[in-house]
Amino acid sequence: MRIISRMNPVGGMSDFWSEIRRPTPYRWPVLAASLLTSGTLLFWVTQEDYFVPPPPPRVTYITTFAEGRTDAEIRQSNIENQRRTDAREAALAAREERKRTIYRELGRATGIDVDRMEAEAAAERARAEAAEKARLDRLFGGRDQPTPKASAAPAE
């Protein structure tokens, strides 16, 4: 009940009325400036901005292919793309093997048991592959499964 008594506007209104009735020379300009400031602030705060949504995107399909390609041309294009992909993967594998060879030589030169480390890495990869296979068996329940793609990350 105490808070409600604090929100009673009667006291504020009586103070305002006593001040506005007092005959001071600047009461009307001060009142006008106060009302103008308050009104301007309220007007500015209550304005809403409406943004027009952007137009929906125009869907364009692959435009680099000829429109009237035959199935044989599509097949030939796919074969060429697969050859390029295989060549790229072979080059990457060769680079990774070269990197492993350099690390092996560095490890042997510094006295590290590289063979033991490679055996541990191979065992870790086998465990990860077995866990992935078990997860896929659980998910697919013996049905046809997608073959997990070999990771391109180098084993160090």
Side-chain angles (χ1 to χ4, degrees), residues 1-17 19-20 24 26-104 106-107 117-118 120-156:
M1 293 302 280
R2 206 167 205 205
I3 289 181
I4 294 175
S5 65
R6 289 183 189 169
M7 290 194 271
N8 191 354
V10 173
M13 293 299 284
S14 65
D15 285 347
F16 174 74
W17 188 249
E19 287 300 316
I20 203 69
T24 57
Y26 299 112
R27 68 179 164 177
W28 296 114
V30 169
L31 180 64
S34 300
L35 291 175
L36 182 67
T37 304
S38 301
T40 303
L41 183 64
L42 284 173
F43 178 77
W44 178 65
V45 167
T46 58
Q47 293 302 304
E48 292 185 41
D49 291 334
Y50 293 99
F51 296 105
V52 177
R58 236 180 89 218
V59 178
T60 56
Y61 297 96
I62 299 175
T63 58
T64 56
F65 296 132
E67 197 155 323
R69 294 189 317 155
T70 64
D71 287 343
E73 290 172 335
I74 293 172
R75 236 180 271 118
Q76 185 61 34
S77 170
N78 290 347
I79 290 169
E80 290 172 12
N81 287 337
Q82 188 61 46
R83 283 185 191 142
R84 280 196 301 266
T85 302
D86 291 344
R88 208 175 312 123
E89 287 177 358
L92 179 65
R95 256 185 273 139
E96 294 298 326
E97 185 56 38
R98 175 75 179 133
K99 192 188 302 183
R100 284 191 207 98
T101 303
I102 291 171
Y103 279 123
R104 280 188 209 111
L106 179 65
M117 290 175 69
E118 285 182 353
E120 288 174 3
E124 180 64 31
R125 277 192 301 273
R127 277 195 299 272
E129 288 173 4
E132 180 66 15
K133 185 177 184 321
R135 185 183 75 84
L136 289 175
D137 284 343
R138 257 193 340 266
L139 286 174
F140 292 101
R143 297 180 305 223
D144 289 338
Q145 303 174 16
T147 57
K149 193 168 186 155
S151 174
E156 296 180 34

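- For Glu118, the side chain to side chain contact (heavy atoms under 4.5 Å, CB included) criterion is met by Arg104, Val114, Asp115, not counting sequence neighbours.
- Of all heavy-atom pairs spanning Arg69 and Ile74, the tightest one is NH2-CG1, 3.3 Å.
- Partners of Gln82 under the side-chain hydrogen bond (donor to acceptor under 3.5 Å, both in side chains) rule, at least two apart in sequence or in another chain, are Asp86.
- Scanning both residues, Ser14 and Gly11, for their nearest heavy atoms gives OG-O, 2.8 Å.
- A search for side-chain hydrogen bond (donor to acceptor under 3.5 Å, both in side chains) contacts involving Asn81 returns Arg84, not counting sequence neighbours.
- With sequence neighbours excluded, the residues that form a side chain to side chain contact (heavy atoms under 4.5 Å, CB included) with Arg95 are Ala91, Leu92.
- Residues that satisfy the side chain to side chain contact (heavy atoms under 4.5 Å, CB included) test with Glu19, not counting sequence neighbours, are Arg22.
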Throw together a table of side-chain donor-acceptor distances under 3.5 angstrom for residues 32-42, partners on residues two or more places apart or in other chains.
unit_1: Ser34; atom_1: OG; unit_2: Val30; atom_2: O; d: 2.8
unit_1: Thr37; atom_1: OG1; unit_2: Ala33; atom_2: O; d: 2.8
unit_1: Ser38; atom_1: OG; unit_2: Ser34; atom_2: O; d: 3.0
unit_1: Thr40; atom_1: OG1; unit_2: Leu36; atom_2: O; d: 2.7

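- Remark: Glu73 engages no residue in a side-chain hydrogen bond (donor to acceptor under 3.5 Å, both in side chains) (not counting sequence neighbours).
- Partners of Arg127 by salt bridge (Lys or Arg N to Asp or Glu O under 4.0 Å), not counting sequence neighbours, listed by chain and number: Glu124.
- Residues passing the side chain to side chain contact (heavy atoms under 4.5 Å, CB included) test with Arg138, sequence neighbours excluded: Arg135.
- To the nearest 0.5 Å, the span separating CZ on Arg100 from OH on Tyr103 amounts to 11.5 Å.
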